[in-house]
Amino acid sequence: MRAAPTILHLDMDAFYASVEQASKPSLRGKAVIVGGLGPRGVVATASYEARRFGVHSAMPMGQARRLCPNGAYLIPRFTLYRQVSDIVMAMLRELSPLVEPLSLDEAFVDLEAGGVAFDSDSARATGERLRADIRAATGLSGSVGLAGSKMLAKVASEEAKPAGLLLIEPGTERELLAPMSVRTLPGVGPATGEHLRRAGITTVGELAEAGEDELVRMVGRAHGAGLYRMALGLDDRPVVAERDAKSVSVEDTFDVDLHDRVRIRGEVQRLADRCVQRLRGSGHSGRTIVLKVRRYDFSTLTRSETLRGPTDDPAVVREAAARLLEAVDTTGGVRLLGVGVTGLADYTQEDLFAQSSAAEAEAEAEHQDDGAGGEGGAAGGAEAEAAGGDTGPSEGPERPGEPQEAPERRWTAGSDVRHVLYGPGWVQGSGVGRVTVRFERPGSEPGRVRTFRVDDPDLEPSDPLPLVGDLS
């Protein structure tokens, strides 16, 4: 514990939903829910207006729609969220070399290490200045907690929400914590909270009064001793600037269970490519490829394969994931698939065996092209589908010379678009061959709504506009 409140915790307010409200003026002050829009989707973030209806993070999207039927339901736009997060994190690093990001919208900062705060007054001034700078740079609000420890700083930022600042003076920790629910403390989830409630312990003050021995008897030595220290406000963990990633993974939950083995292979290949993109984006490679399969009955299987050395080669990851899939029975249906890479390293070891296999496959393909072209074409089509290509629905083999109908473009609610005449906008909804777009941009007045055919050549997907600054 420090003698001065020089550990800062920043938590952006309803981050995803707030970004959407800032970029879509017609949604200001409205209930906004961001997450998966399919029947099995879950809520990622709900605006404070939506929370009044009981909507919260991790809630099934179907339940959210029942609680808040008139809310705006949007897909996440992680590209924009990361851009905004980079701006905020850069501002934190101007305060101190010791910044510990916890997520895109949350981080600890050691103000003393940066020489910007040594007592309560300077810490408070720094926190208020940070909130104002974030508002000016992004148009968003963040809540700030200041205390002598990481745990207390996080408790303070939660109490300060939304758009506030709370400083906990050293020496007042126990008085502040005593009336709070035990669920306030990190690591006290629903199960532990219920266990404590049955023992008559519902507040942090009652937790401290129970004593360490009683808590150890109730929940075990490691957890009991930790709970007692937290109830007393004790936390000596330092702010750590670098948090090494242990794994990189991606996964998808499907609206309808997948039964077609070819489709399942294609989805695994597509996930492998996305995983490698994220792996390369983080500047890593990895040795162990992991496949995750959640079946129709909610049973979850994981299979892994460790390579001879770390790789970030998409072909190697695809091949390993495909081999792992062969060992999994998917006949009953699959509701979720995931591909991950663990054993991360900052370098890549050339996989000569994979390169050799690729060269052999290429030579074999050339041989097929020189020989019976019909068989080679059929194999190529199957391989393209297995690799995750968007082949669209097929009623039968294509007939040479017969024009093929282009697949219908899909427009997802919340996605960015640009029209040749009307400029930038976002999709409000689509269906029955039509797409409805509201044309507005960050900082503008609420815009007009227009409807187009889904295949209108003047309407195209677009990159998101910045929340503040150059909006061209």
Side-chain angles (χ1 to χ4, degrees), residues 1-13 15 81-138 140-177 184-187 225-226 229-246 281-284 344 346:
M1 292 290 296
R2 297 186 177 185
T6 54
I7 293 181
L8 179 148
H9 181 259
L10 170 71
D11 196 353
M12 301 296 290
D13 298 321
F15 183 54
Y81 305 154
R82 290 190 184 96
Q83 290 173 358
V84 177
S85 175
D86 288 345
I87 294 172
V88 173
M89 294 302 167
M91 297 171 72
L92 298 183
R93 292 186 178 95
E94 290 178 358
L95 296 177
S96 173
L98 293 183
V99 176
E100 183 177 337
L102 304 180
S103 62
L104 289 177
D105 62 332
E106 185 180 1
F108 288 109
V109 185
D110 187 334
L111 300 180
E112 188 173 326
V116 295
F118 299 97
D119 56 19
S120 297
D121 290 341
S122 57
R124 183 183 298 276
T126 300
E128 293 289 7
R129 185 170 63 253
L130 173 65
R131 290 178 59 241
D133 290 345
I134 290 174
R135 172 75 75 174
T138 68
L140 305 177
S141 67
S143 296
V144 169
L146 293 156
S149 71
K150 289 167 68 173
M151 184 199 79
L152 290 169
K154 185 171 176 61
V155 168
S157 68
E158 188 64 31
E159 291 295 304
K161 283 186 169 295
L165 181 148
L166 177 63
L167 184 148
I168 300 178
E169 290 283 0
T172 66
E173 299 91 353
R174 293 191 62 176
E175 180 183 354
L176 177 80
L177 289 172
T184 303
L185 300 179
R229 285 182 56 82
M230 286 191 293
L232 299 180
L234 302 177
D235 178 20
D236 296 325
R237 294 174 301 158
V239 176
V240 180
E242 297 295 334
R243 296 168 60 90
D244 292 335
K246 297 181 180 180
S282 68
H284 290 96
L344 302 189
D346 294 328

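Small disclaimer: the values here were computed from a predicted structure and weren't measured. Residue numbers count from 1 along this sequence.
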inquiry  = Could you work out, with side-chain contact (heavy atoms from CB on, under 4.5 Å) as the rule, every residue matching L92, not counting sequence neighbours?
reply    = L10, M89, V99, A107, V109, L130
Residues T138, V88; criterion side chain to side chain contact (heavy atoms under 4.5 Å, CB included); working and verdict = CA-CA 8 Å; T138 68; V88 173; 4.3 Å; yes
inquiry  = Ignoring hydrogens, what is the shortest heavy-atom contact between A147 and A153? Give both atom names and the distance.
reply    = CB-N, 3.5 Å
key: Separation between CD of E159 and CG of L177, rounded to the nearest 0.5 Å   = 9.0 Å
key: Residues which pass side-chain contact (heavy atoms from CB on, under 4.5 Å) with L232, listed by chain and number, not counting sequence neighbours   = R174, A208, Y228, L234
query = Among all residues two or more places apart in sequence or in another chain, which pass the side-chain hydrogen bond (donor to acceptor under 3.5 Å, both in side chains) test with T126?
reply = none
note = R131 meets the salt bridge (charged side-chain N to carboxylate O under 4.0 Å, His left out) criterion, sequence neighbours left out, with E128
inquiry  = Among residues at least two apart in sequence or on other chains, which ones pass salt bridge (charged side-chain N to carboxylate O under 4.0 Å, His left out) with R2?
reply    = D110, E112
ask   = Minimum heavy-atom separation for P170 to A3, with atom names?
value = CG-O, 3.4 Å
Nearest heavy atoms of I7 and V239, plus distance in Å = CG2-CG2, 4.2 Å
request  = For D121, check side-chain hydrogen bond (donor to acceptor under 3.5 Å, both in side chains) against everything at least two apart and list the hits.
outcome  = none
ask   = Does a side-chain heavy-atom distance below 4.5 Å link M230 with M151?
value = yes
note = Residues at least two apart in sequence or cross-chain that pass salt bridge (charged side-chain N to carboxylate O under 4.0 Å, His left out) with E169, listed by chain then number, are none
note = Sequence neighbours excluded, the answer for salt bridge (charged side-chain N to carboxylate O under 4.0 Å, His left out) partners of R237 is D235
request  = To the nearest 0.5 angstrom, please state how far the OG atom of S103 sits from the CG atom of D11.
outcome  = 7.0 Å
message = Is the shortest side-chain heavy-atom distance between L8 and V144 below 4.5 Å?
response = yes
message = Run the side-chain contact (heavy atoms from CB on, under 4.5 Å) test against T184 and tell me which residues pass, sequence neighbours left out.
response = V155, M180, S181
key: Heavy-atom side-chain proximity of L167 to S120 below 4.5 angstrom   = yes
query = With sequence neighbours excluded, what pairs up with F15 under the ring pair (Phe, Tyr, Trp, His ring centres under 6.0 Å) test?
reply = none
task = Would you tell me whether S141 and D13 have side-chain atoms, one donor and one acceptor, within less than 3.5 Å of each other?
result = yes
note = Distance col, row I168:CD1 vs E173:CD, nearest 0.5 angstrom, shows 7.5 Å
query = Does the side chain to side chain contact (heavy atoms under 4.5 Å, CB included) test come out yes or no for L146 and T6, once each step is laid out?
reply = CA-CA 6 Å; L146 293 156; T6 54; over 6 Å; no
Intermediate values then yes/no, side chain to side chain contact (heavy atoms under 4.5 Å, CB included), I134 and M12 = CA-CA 10 Å; I134 290 174; M12 301 296 290; 3.7 Å; yes
request  = Give the minimum heavy-atom separation between S122 and D119, together with the two atoms involved.
outcome  = OG-OD1, 2.7 Å
query = Please walk me through it: do D86 and R93 pass salt bridge (Lys or Arg N to Asp or Glu O under 4.0 Å)?
reply = CA-CA 10 Å; D86 288 345; R93 292 186 178 95; over 6 Å; no
inquiry  = Rounded to the nearest 0.5 Å, what separates atom OG in S143 from atom CG in L166?
reply    = 10.0 Å
query = Of the non-hydrogen atoms in P97 and A241, which two are nearest, and what is the gap between them?
reply = O-CB, 3.7 Å
inquiry  = Under the rule for side-chain contact (heavy atoms from CB on, under 4.5 Å), what residues qualify as partners of D133, not counting sequence neighbours?
reply    = M91, R129
Selection residues 95-122 - residue pairs positive for ring pair (Phe, Tyr, Trp, His ring centres under 6.0 Å), sequence neighbours left out = H9-F108
